[in-house]
Amino acid sequence: MLDLKFIRENPEEVKKTLKNRGMEADIDKLLKLDRERRNLLQKAEDLKHKKNIASAQIGKLVGQGEDPKDKIAEMKLVAQKIKEIDKEVGEIDEKLAKIALLVPNIPHNSVPVGSGPEDNVEVRRWGEPSKFDFEPLPHEELADALGMIDFRAASKISGRGFALYRGLGARLERALINFMLDLHTSKHGYTEVFPPFMVKRECMIGAGQLPKLEDDMYRCEADDLFLIPTAEVPITNIHREEILRAKNLPVYYCSYTACFRREAGSYGKETKGLVRVHQFNKIELVKFVKPETSYEELESLLRDAEEVLQLLGLHYRVLNLCTADISFAASKCYDLEVWVPAEGRYLEISSCSNFVDFQARRAGIRYRPEKGGQAEYVHTLNGSAMAVGRTVVALLETYQQKDGSIAIPEVLRPYMGGLQRIEAQRG
RNA sequence: GGAGAGGUGGCCGAGCGGCUGAAGGCAGCUGCCUGCUAAGCAGUUGUGGGGGCAACUCCACCCCGGGUUCGAAUCCCGGCCUCUCCGCCA
């Protein structure tokens, strides 16, 4: 959420942002409501002032044993009037919030202006696409042939868009999770967190997922709880409505969770394999930092994420997303795209974003500066490091051998019981 | 699921219809003092919003939402959360 005062004072910039992002929100109506609201507020406050003074007088008179009947009768009317105005203000507040929650974050000036994914700017590439002297197979075929993933069983159990890992497939998934968590906790200084996978509505609003994306969420209606679409939601909300100590900043968390997405509206896209499923595993990095450091922190967050792919020896590129492509709550966002040989293209595998004070304002996460004084909103950042399922996709396709087996990268072997290669299994 | 207790400022904790934006303590800040550190003394410190160039001033906020009242942190109703005991359970 943007500061209402900021919108009031910079309506043109906000409108420009909307245009650059290809989004809509009725800023003029917002401003009109804001004016009405302040008008009414003024009236209500004058009356309240009157009431407060009169009440104090009445108290005094009663204390002196008098009976100020007239005054009480008069105040009764004033109280009635106040109630009416307050009700009106409440109605305007609701309308105002509805619009304000739909206004996206202002992009940083280093974000390229664009109208679609084609305008994203490639920042760098690491490694090279692997070369094959045979036709590389897609991951779902490899995984099936090796008995690693059973899509048929998954759909029997849960319908389309789910995966059931078995044997070394399940082991590989677990190995990747442990490898990533170990890297971030022991080398990059993140504190591991294992949060609930179901969260309350206000957490979804705080992290900026709602009200915009409700259709894409799984919701448990009886309790109004949501299955998390990413660990970002529970982790960001750890410090909701808190004032952090400056000396404790920055705070780094990393977390493994399953993620649940309905993927409403994307039927027909990427229906095969692990690329787009309703439940997947992800390691997420989340930072709470002082405002003046957040863009540096974004760069180091990005490096922490990149290191996962580098250690796994997977070719990737880094994109600086353009205004049309960065998420609603982000001011700047880098995507990591990993090379998937069978398809001969780059696949989004991580997204690293700076939200500046946007989430913090929604969620009420502040800190007290060293010198004391006013509490200020922290800046929040997060990034995937990595989406595990898509890492499996890239890994299988990149390390496939002519005989259909998969070579296991060095760093994963300790997590695979020393195994160097995945070959066809029985059962 | 049943029976109780409770949610007050950065933290702890008093208050239980008007003199309370809220005692006291801790923490923070500012002076003084002190070889340094620690301690001590004095002062000061909540958040959000409105108006004014300003000093300033007004309004709201004691978990959230309603209600009673001229007046609510204090009384009533609903919700959320926490704790204790019983039951159930991986």
Side-chain angles (χ1 to χ4, degrees), chain A residues 1-9 30-98 100-101 194-206 210 219-226 234 237-249 251 288 290 357-358 360-378:
Chain A
M1 185 163 60
L2 292 176
D3 189 356
L4 196 56
K5 205 182 265 171
F6 177 86
I7 300 178
R8 195 146 69 213
E9 285 161 9
L30 185 100
L31 294 174
K32 186 170 158 252
L33 287 168
D34 178 50
R35 274 194 303 273
E36 277 175 38
R37 177 175 177 277
R38 280 187 294 160
N39 255 329
L40 287 171
L41 224 45
Q42 192 66 61
K43 275 191 214 162
E45 284 181 3
D46 287 347
L47 289 174
K48 283 178 188 173
H49 181 48
K50 228 165 118 183
K51 182 191 80 174
N52 286 342
I53 289 172
S55 289
Q57 284 173 347
I58 291 169
K60 219 173 273 171
L61 291 173
V62 170
Q64 290 163 4
E66 294 181 36
D67 181 11
K69 270 207 288 267
D70 299 347
K71 198 124 221 165
I72 287 177
E74 189 192 336
M75 284 307 112
K76 213 166 197 161
L77 292 175
V78 171
Q80 182 60 34
K81 184 77 188 158
I82 290 172
K83 201 176 269 183
E84 281 166 26
I85 298 179
D86 276 350
K87 192 175 162 222
E88 252 182 286
V89 171
E91 283 163 12
I92 291 179
D93 274 343
E94 251 172 65
K95 288 184 205 164
L96 210 52
K98 225 174 233 173
L101 284 172
F194 189 65
F197 289 6
M198 299 169 84
V199 300
K200 296 192 261 186
R201 177 174 287 272
E202 57 245 55
C203 292
M204 293 297 247
I205 292 173
L210 290 181
R219 175 169 166 235
C220 303
E221 191 161 4
D223 304 291
D224 203 28
L225 287 172
F226 293 81
N237 277 283
I238 289 175
H239 297 298
R240 182 154 53 93
E241 307 297 339
E242 283 184 16
I243 297 177
L244 304 171
R245 286 167 183 268
K247 65 173 188 211
N248 292 338
L249 295 176
V251 176
F288 299 83
K290 292 181 199 165
D357 59 357
F358 191 88
R361 181 171 294 110
R362 284 187 176 223
I365 310 167
R366 292 175 296 175
Y367 78 105
R368 180 93 51 202
E370 283 88 346
K371 291 170 193 137
Q374 288 231 312
E376 291 176 30
Y377 290 111
V378 299

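Side chains are part of it too, since the values below use all heavy atoms of this structure and drop only hydrogens, waters and symmetry mates. Letters go in sequence order (proteins before strands), and every chain restarts at 1.
- R201(A) comes within 4.0 angstrom of no nucleic acid atom, judged by non-hydrogen atoms across all strands.
- Atom name P, nucleotides rU45(B) and rG10(B): the rounded distance is 15 Å, in whole Å.
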Can you pull every protein N or O that's under 3.5 Å from an N or O on nucleotides 49-59 of chain B?
| from | atom 1 | to | atom 2 | distance (Å) |
| --- | --- | --- | --- | --- |
| rG49(B) | N2 | E45(A) | OE1 | 3.4 |
| rG50(B) | OP1 | R8(A) | NH2 | 2.7 |
| rG50(B) | O2' | Q42(A) | OE1 | 2.6 |
| rC58(B) | O3' | H49(A) | ND1 | 2.8 |
| rC59(B) | OP1 | H49(A) | ND1 | 2.8 |
| rC59(B) | OP1 | N52(A) | ND2 | 3.2 |

What are the atom names and distances for every N/O pair under 3.5 Å that joins the protein to nucleotides 71-77 of chain B?
| from | atom 1 | to | atom 2 | distance (Å) |
| --- | --- | --- | --- | --- |
| rG71(B) | O4' | S55(A) | OG | 3.2 |

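- Regarding I365(A), its CD1 atom lies at a distance of 18 Å from the P atom of rU47(B), rounded to whole Å.
- With both ends at atom P, the span from rC76(B) to rC16(B) equals 15 Å, rounded to whole Å.
- With both ends at atom P, the span from rG46(B) to rC11(B) equals 14 Å, rounded to whole Å.
- Between I243(A) and K60(A), the residue anchored nearer the 5' end of RNA chain B, judged by the nucleotide with its closest heavy atom, is I243(A).
- Annotation: side-chain contact (heavy atoms from CB on, under 4.5 Å) contacts of F6(A) (sequence neighbours excluded): D3(A), N10(A), E13(A), V14(A), I106(A).
- On the C1' atoms, rC61(B) is 11 Å away from rA73(B), given to the nearest whole Å.
- Base-pair partner of rG65(B): rC77(B) (Watson-Crick or G-U wobble, both distances under 3.5 Å).
- Between the P atoms of rC36(B) and rC32(B), the separation comes to 13 Å (whole Å).
- Rounding to the nearest 0.5 Å places SG of C203(A) at 13.0 Å from CZ of R362(A).
- Going from atom CD of Q64(A) over to atom C1' of rC19(B) covers 13 Å, rounded to whole Å.
- Computed from coordinates, the N237(A) CG to rC80(B) P distance equals 19 Å when rounded to whole Å.
- Rounded to a whole Å, the CD atom of E66(A) is 16 Å from the C1' atom of rG18(B).
- Protein atom CD of E376(A) is 16 Å distant from nucleotide atom C1' of rG46(B), rounded to whole Å.
- Annotation for N248(A): atom CG counts as buried by contact number, over 12 foreign heavy atoms lying within 6.0 Å.
- Distance noted for atom P between rC77(B) and rG6(B): 14 Å (whole Å).
- Distance check on atom P: rC63(B) versus rG7(B) gives 8 Å, rounded to whole Å.
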Subject >> Test side chain to side chain contact (heavy atoms under 4.5 Å, CB included) applied to H239(A) and L244(A), step by step >> reply: CA-CA 8 Å; H239(A) 297 298; L244(A) 304 171; 3.6 Å; yes
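- Listed by chain and number, the residues in a side-chain contact (heavy atoms from CB on, under 4.5 Å) with R366(A) are I243(A), A375(A), Y377(A) (sequence neighbours excluded).
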**OP:** Run the numbers on V199(A) and N237(A) for side chain to side chain contact (heavy atoms under 4.5 Å, CB included), then give the verdict.
**Re:** CA-CA 10 Å; V199(A) 300; N237(A) 277 283; over 6 Å; no
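- Of the nucleotides present, none pairs with rG17(B) by Watson-Crick or G-U wobble criteria with both distances under 3.5 Å.
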Show which side-chain atoms of residues 30-42 of chain A pair as donor or acceptor with protein atoms under 3.5 Å away, not counting sequence neighbours.
| from | atom 1 | to | atom 2 | distance (Å) |
| --- | --- | --- | --- | --- |
| D34(A) | OD1 | R8(A) | NH1 | 3.1 |
| D34(A) | OD2 | R8(A) | NH1 | 3.0 |
| R37(A) | NE | D93(A) | OD1 | 2.5 |

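- Under the Watson-Crick or G-U wobble criterion, with both distances below 3.5 Å, rG43(B) is paired with rC29(B).
- Within the structure, every side-chain polar atom (N or O) of K71(A) is placed at least 4.0 Å from both OP1 and OP2 of rC70(B).
- One interatomic measurement links the two molecules: CD1 of I72(A) to C1' of rU69(B), which rounds to 10 Å at whole-angstrom precision.
- Under the rule for a side chain to side chain donor-acceptor pair (under 3.5 Å), K51(A) has no partner lying at least two apart in sequence or in another chain.
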**OP:** Starting from the C-alpha separation in whole Å, work towards a yes-or-no answer on side chain to side chain contact (heavy atoms under 4.5 Å, CB included) for F226(A) and M198(A).
**Re:** CA-CA 5 Å; F226(A) 293 81; M198(A) 299 169 84; over 6 Å; no
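- Under the side chain to side chain donor-acceptor pair (under 3.5 Å) criterion, K200(A) pairs with no residue at all, not counting sequence neighbours.
- Base pairing of rG1(B) is made with rC86(B), judged by Watson-Crick or G-U wobble geometry with both donor-acceptor distances under 3.5 Å.
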Using atom types as modelled, flag every donor-acceptor pair under 3.5 Å from a side chain in residues 72-91 of chain A to any protein atom, sequence neighbours excluded.
| from | atom 1 | to | atom 2 | distance (Å) |
| --- | --- | --- | --- | --- |
| D86(A) | OD2 | K48(A) | NZ | 3.4 |

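- Residues of residues 84-93 of chain A that place a heavy atom closer than 4.0 Å to RNA chain B do not occur.
- Considering only side-chain N and O atoms, K83(A) lies under 4.0 angstrom from the phosphate OP1 or OP2 of rU68(B).
- Rounded to an integer number of Å, the gap from CG of N248(A) to P of rC11(B) is 14 Å.
- For Q64(A), the side-chain contact (heavy atoms from CB on, under 4.5 Å) test picks out K60(A), L61(A), E66(A), with sequence neighbours left out.
- Scored by the side-chain contact (heavy atoms from CB on, under 4.5 Å) test, A246(A) finds K290(A), Y367(A), E370(A) as partners (sequence neighbours excluded).
- On the C1' atoms, rA60(B) is 14 Å away from rA72(B), given to the nearest whole Å.
- Rounded to whole Å, the distance from CD on E241(A) to C1' on rG46(B) is 15 Å.
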